[in-house]
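Since the structure comes first, as structure tokens, the remarks are kept for the end.
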Amino acid sequence: MHWLLLIIAAVFEIGWPLGFKLSSAHPERFWTWISFAIICMALSGVFLYLAQRTIPVSTAYIIWTGLGAIGTLLIGILFFGDSASMLRMFFALLTLVGIVGLECTSK
């Protein structure tokens, strides 16, 4: 259950940079998107708190930030035309391998 809470926290972690991006892309809805970003920040923190009650803080934090970073990268590529070069994908893969590696060696 706590792993699910951590994944939910990571999804909300993706929401706040998305809200910032959309607030600058759509200035007529600035406060809507800034509010979205703030709500995502708060929910991300709450779900991280709930998850790390049983998951070690170091493990929870690296997974939370890593999945948030990779998710934000993918949203940037898919929806905002960010570069999807082979090197960027390689380094994103290294981030993912690092997350899995840290979890596998934390026991």
Side-chain angles (χ1 to χ4, degrees):
M1 176 64 174
H2 287 55
W3 287 101
L4 177 61
L5 294 173
L6 185 56
I7 292 185
I8 293 169
V11 169
F12 282 117
E13 179 71 1
I14 296 165
W16 65 268
L18 176 62
F20 288 157
K21 177 67 175 176
L22 291 171
S23 72
S24 64
H26 303 284
E28 70 282 359
R29 308 232 32 214
F30 176 82
W31 288 111
T32 300
W33 291 116
I34 289 297
S35 299
F36 174 80
I38 292 168
I39 290 167
C40 284
M41 283 181 207
L43 290 172
S44 178
V46 167
F47 281 103
L48 176 63
Y49 161 76
L50 294 171
Q52 71 182 10
R53 290 190 303 178
T54 58
I55 300 170
V57 66
S58 59
T59 302
Y61 185 75
I62 194 71
I63 291 172
W64 177 66
T65 57
L67 292 179
I70 290 170
T72 303
L73 172 78
L74 293 175
I75 285 177
I77 290 168
L78 293 172
F79 299 106
F80 297 106
D82 292 356
S83 170
S85 70
M86 291 301 289
L87 274 178
R88 288 191 84 194
M89 295 299 101
F90 172 71
F91 289 118
L93 180 62
L94 285 180
T95 302
L96 188 59
V97 167
I99 292 168
V100 172
L102 284 169
E103 174 52 27
C104 289
T105 60
S106 69
K107 305 284 188 256

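Keep in mind the model is a prediction, meaning the values are calculated, not measured.
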Pairs flagged by ring pair (Phe, Tyr, Trp, His ring centres under 6.0 Å) wherever residues 53-73 is involved - sequence neighbours left out: Tyr61-Trp64
Nearest heavy-atom neighbours spanning Gly68 and Ile14: O-CG1, 3.6 Å
Pairwise side-chain hydrogen bond (donor to acceptor under 3.5 Å, both in side chains) hits with a residue in residues 66-82, at least two apart: none
Non-hydrogen atoms of Ala10 and Leu67 that approach each other most closely: CB-CB, 3.7 Å
Partners meeting side-chain contact (heavy atoms from CB on, under 4.5 Å) with Ala60 (sequence neighbours left out): Leu6, Leu48, Gln52, Ile55
Residues clustering with Leu93 (ILVMFWY side chains joined when closer than 4.5 Å, directly or via others): Val97
Pair listing, ring pair (Phe, Tyr, Trp, His ring centres under 6.0 Å) test, anchored in residues 71-101, at least two apart: none
hydrophobic_cluster_shared for Trp3 and Ile7, side chain cutoff 4.5 Å: no
Using distance only, find each side-chain donor-acceptor pair of residues 15-39 under 3.5 Å and give its atom names and separation, not counting sequence neighbours.
unit_1: Trp16; atom_1: NE1; unit_2: Glu13; atom_2: O; d: 3.4
unit_1: Trp16; atom_1: NE1; unit_2: Glu13; atom_2: OE1; d: 3.1
unit_1: Ser23; atom_1: OG; unit_2: Phe20; atom_2: O; d: 2.7
unit_1: Ser24; atom_1: OG; unit_2: Lys21; atom_2: O; d: 2.9
unit_1: Ser35; atom_1: OG; unit_2: Trp31; atom_2: O; d: 2.7

Leu73: partners by side-chain contact (heavy atoms from CB on, under 4.5 Å), with sequence neighbours left out: Ile77, Arg88, Met89, Ala92
Distance, nearest 0.5 Å, that separates CD1 of Ile70 from CG of Leu96: 4.5 Å
Hydrophobic cluster membership, Leu102 vs Ile63, 4.5 Å side-chain cutoff: yes
